[in-house]
Amino acid sequence: MTTAPRFRFAPSPTGFFHVGGARTALYNWALAQHLGGTFVLRIEDTDESRNSPEWTQGIIDALGWLGINSDSPQFEGPYFQSHNADKHIAAAHRLFEQGNAYWCDLTSEQIQERAKASGKQGYDGHSRDRGLSAGPGHVLRFRVPQGTTIVHDLVRGEVEFANDTIEDFVLLRSNGSPMFLLANVIDDIDMTVTHVVRAEEHLPNTPKQQMVWDALGVAPPIWAHVPVLVNEQRKKLSKRRDKVALEQYKSDGILADAMVNYLMTLGWAPHGDTEIVPWTTMVEQFRLEDVNHSPAFFDVKKLEAFNGDYIRALSLSDFIDACQPWLTASDVAWSPAQFDADVFESIASLIQTRVAVLSEVASMVDFFFLPDAPTDDASWTKAMTPEWAHDVLNECAREYATCDWNHDSLKLVLETIGTNRDLKLGKVQAPLRVAITGRTVGPPLFESIEFLGRQRTLSRIGVALQRLG
RNA sequence: GGCCCCAUCGUCUAGUGGCCUAGGACACCACCCUCUCAAGGUGGCGGCACGGGUUCGAAUCCCGUUGGGGCUGCCA
């Protein structure tokens, strides 16, 4: 008989949500969905010095954004490791009573000195047989048995560790609080976790944890260590150097689906020649055995390419909805009163193919809502330098005062002005574009002018003419 | 230093002994389309780290070398 598998995701609440953690969570979630199991969220807050309660809500929100919904019947938690301290301590004492652990009174300084003197690194097992009991300044250490420990890992195969290379690690701190290694195991046992899927950086901890499982008489879980995510220097993504906050990508305008899809392909690929596939397909196909063994570079460019794809796949109304946060943000160039939702809806389809991240939208449509064209000196210089610029704008102003107001005729007018001077539309449009939009690049000009209206168009041409002198 | 992991285009990957003169995607380049910029289309550039084996046959298996990475805390 097989019971439904139970996966767990066990982040520590140390600020924002790390993209590496996001991928690990996604792998666990995909597996839970694929196998009809449970995803258990456990907040590992044993290190009191660096946890903060508001961050756990951040974790839940971030998971929710990724589609790992805490309302789902397959979602369990959050549990807090700190709430289980009693169980951890009880287990530690049981380990002591069984002879699997012993007390030690050495300080870190003393350990270092001994290591220096012996020339060997780490703790040397000095207190193993000293028969110490609990007391102030005493830590409880696990008595690593002789022999070898074999970790059966679903992505790596069998990994063998000689136990004599593993030091007697600390279970309980001198203040009596449990260490991660212990707490982690006790919680996994307590929550009947069957699969531990986590990042590769935990692989060296695994034999230690497995020994604790064994000592407690419980069969260890199925392990799976997925490769870490690295930066361009091939170093593990770090909070200090790298942009790793999921929230940051969200506020830059990365779509959740794009992020999910991209993260899943870091270390794994869906079948076939397309890597942009719906979540349900990934759930169906994802297998731990197919996960790559080597670190994967978190490539923001590729993420944005995925995102552009997802943006273009949105229906127009979904796209418009998705843009709202960036149109109403506090740092936007226009005032709320100046914003015209109808205008935005009218031009949205022209914007949709032109952005890779949603935060780009604002600077692409600002000229519609600002009283005057935005100023961009580089664009101005580039477009207004030709000696014909002034005359073209002048003629434009005259013709646009009376011509039919639709993009076809607006275009035809400028085309004619250009033809008379032997200038292609691609060239003559430049001064007009900058006069109207402020920039040399942007959405299609004549549609934009049409939406802007005759009055404002004429006024902007006037302003530009004046500036040209 | 010690322990462990890893090694296919610049990057993410497909590939599990013959279908591989190694496929796709991102990036890059060119062309087409085109009012700018995108999007889209077409094409191109570019890789099995190296050396030994095993085998009729190796990107795929074994060994070694080299190169990367992770861990090495009374952090998680």
Side-chain angles (χ1 to χ4, degrees), chain A residues 10-14 44-47 49-51 81 104 106-108 111 119-123 137-141 151 153 155-156 159-162 164-167 169-177 179-181 183-184 199-207 225 227-228 230 232-236 262 265-276 289-290 292-299 301-306 308-309 312 350-356 364 379 383 407 410-411 414-415 418 424-430 432-434 437 439-447:
Chain A
S12 54
T14 55
E44 308 240 312
D45 55 352
T46 42
D47 182 9
S49 62
R50 55 177 226 192
N51 79 62
Q81 188 151 76
C104 174
L106 258 41
T107 63
S108 338
I111 291 169
K120 286 185 189 166
Q121 289 212 338
Y123 179 68
H138 293 194
V139 299
L140 186 70
R141 287 181 179 274
V151 171
D153 189 293
V155 345
R156 312 211 167 246
V159 187
E160 199 173 315
F161 298 85
D164 57 15
T165 63
I166 300 172
E167 67 174 32
F169 51 94
V170 174
L171 261 17
L172 250 33
R173 299 187 181 91
S174 58
N175 68 5
S177 66
M179 288 280 289
F180 149 80
L181 232 34
N184 197 270
E200 191 195 344
E201 65 209 67
H202 289 287
L203 190 51
N205 287 149
T206 310
H225 290 88
V228 292
V230 298
E232 46 279 274
Q233 278 87 239
R234 301 250 116 214
K235 301 277 189 213
K236 191 173 74 164
Y262 177 64
T265 66
L266 253 25
W268 176 80
H271 306 338
D273 277 346
T274 25
E275 39 190 6
I276 306 245
E289 293 85 341
D290 295 335
N292 247 285
H293 296 182
S294 40
F297 170 50
F298 185 81
D299 185 353
K301 271 198 170 168
K302 188 157 181 178
L303 204 213
E304 291 183 353
F306 269 49
D309 247 60
R312 275 168 251 127
L350 303 177
I351 305 301
Q352 194 171 2
T353 55
R354 288 175 169 74
V355 293
M364 207 157 268
S379 292
H407 60 268
L410 290 164
K411 180 181 174 186
L414 187 63
E415 220 164 11
K424 286 241 169 76
L425 189 53
K427 274 204 173 308
V428 266
Q429 60 93 40
L432 214 217
R433 176 179 290 279
V434 172
T437 73
R439 300 190 187 83
T440 52
V441 302
L445 222 210
F446 305 104
E447 280 85 347

Would you classify [X] as touching base, sugar-phosphate or nothing, given that sugar-phosphate means primed atoms plus P, OP1 and OP2, and contacts are heavy atoms under 4.0 Å?
X: A:Ala430; result: nothing
X: A:Tyr262; result: nothing
X: A:Thr440; result: base
X: A:Pro443; result: base
X: A:Gly267; result: sugar-phosphate
X: A:Glu447; result: base

Identify each atom pair where a protein N or O and an N or O of nucleotides 39-43 of chain B are less than 3.5 Å apart, giving names and distance.
unit_1 : atom_1 : unit_2   : atom_2 : d
B:A39  : O4'    : A:Thr353 : O      : 3.3
B:A39  : O3'    : A:Arg312 : NH1    : 3.3
B:G40  : OP1    : A:Arg312 : NH1    : 3.3

d([atom1], [X]; [atom2], [N]) in whole Å:
X: A:Arg156; N: B:U16; atom1: CZ; atom2: P; value: 21 Å
X: A:Leu445; N: B:C35; atom1: CG; atom2: P; value: 12 Å
X: A:Phe297; N: B:G47; atom1: CZ; atom2: P; value: 20 Å
X: A:Lys120; N: B:C3; atom1: NZ; atom2: P; value: 12 Å
X: A:Lys301; N: B:A25; atom1: NZ; atom2: C1'; value: 15 Å
X: A:Arg433; N: B:U36; atom1: CZ; atom2: C1'; value: 4 Å
X: A:Glu160; N: B:C4; atom1: CD; atom2: P; value: 9 Å
X: A:His293; N: B:U8; atom1: NE2; atom2: P; value: 12 Å

> Can you find a pair of side-chain heavy atoms, one from A:Arg141 and one from A:Val170, that are under 4.5 Å apart?
Replying inline: yes
[N] pairs with, by Watson-Crick or G-U criteria that keep both distances under 3.5 Å:
N: B:C75; result: none
N: B:G43; result: B:C29
N: B:A49; result: B:U65
N: B:U34; result: none

>> As a test of reading the structure: which of B:A14, B:U36, B:A76 is closest to the side chain of A:Ser12, going by heavy atoms?
In response: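 It is B:A76.
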>> Checking contacts here: which listed nucleotide (B:C26, B:C35, B:C6) is nearest the side-chain heavy atoms of A:Lys302?
In response: B:C26
> Looking only at atom P, what distance separates B:G68 and B:U8, rounded to whole Å?
Replying inline: 14 Å
> Have A:Thr437 and A:Arg433 got a donor and an acceptor in their side chains that come within less than 3.5 Å?
Replying inline: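 The answer is no; no qualifying pair exists.
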Between the protein and nucleotides 67-74 of chain B, which nitrogen or oxygen pairs come in under 3.5 angstrom?
unit_1 : atom_1 : unit_2   : atom_2 : d
B:G69  : OP1    : A:Lys235 : NZ     : 2.6
B:G70  : OP1    : A:Lys236 : N      : 3.1
B:C71  : OP1    : A:Lys236 : NZ     : 2.6
B:C74  : O2     : A:Ser174 : N      : 3.0
B:C74  : O2     : A:Ser174 : OG     : 3.0
B:C74  : N3     : A:Ser174 : OG     : 3.0
B:C74  : N4     : A:Leu106 : O      : 3.4

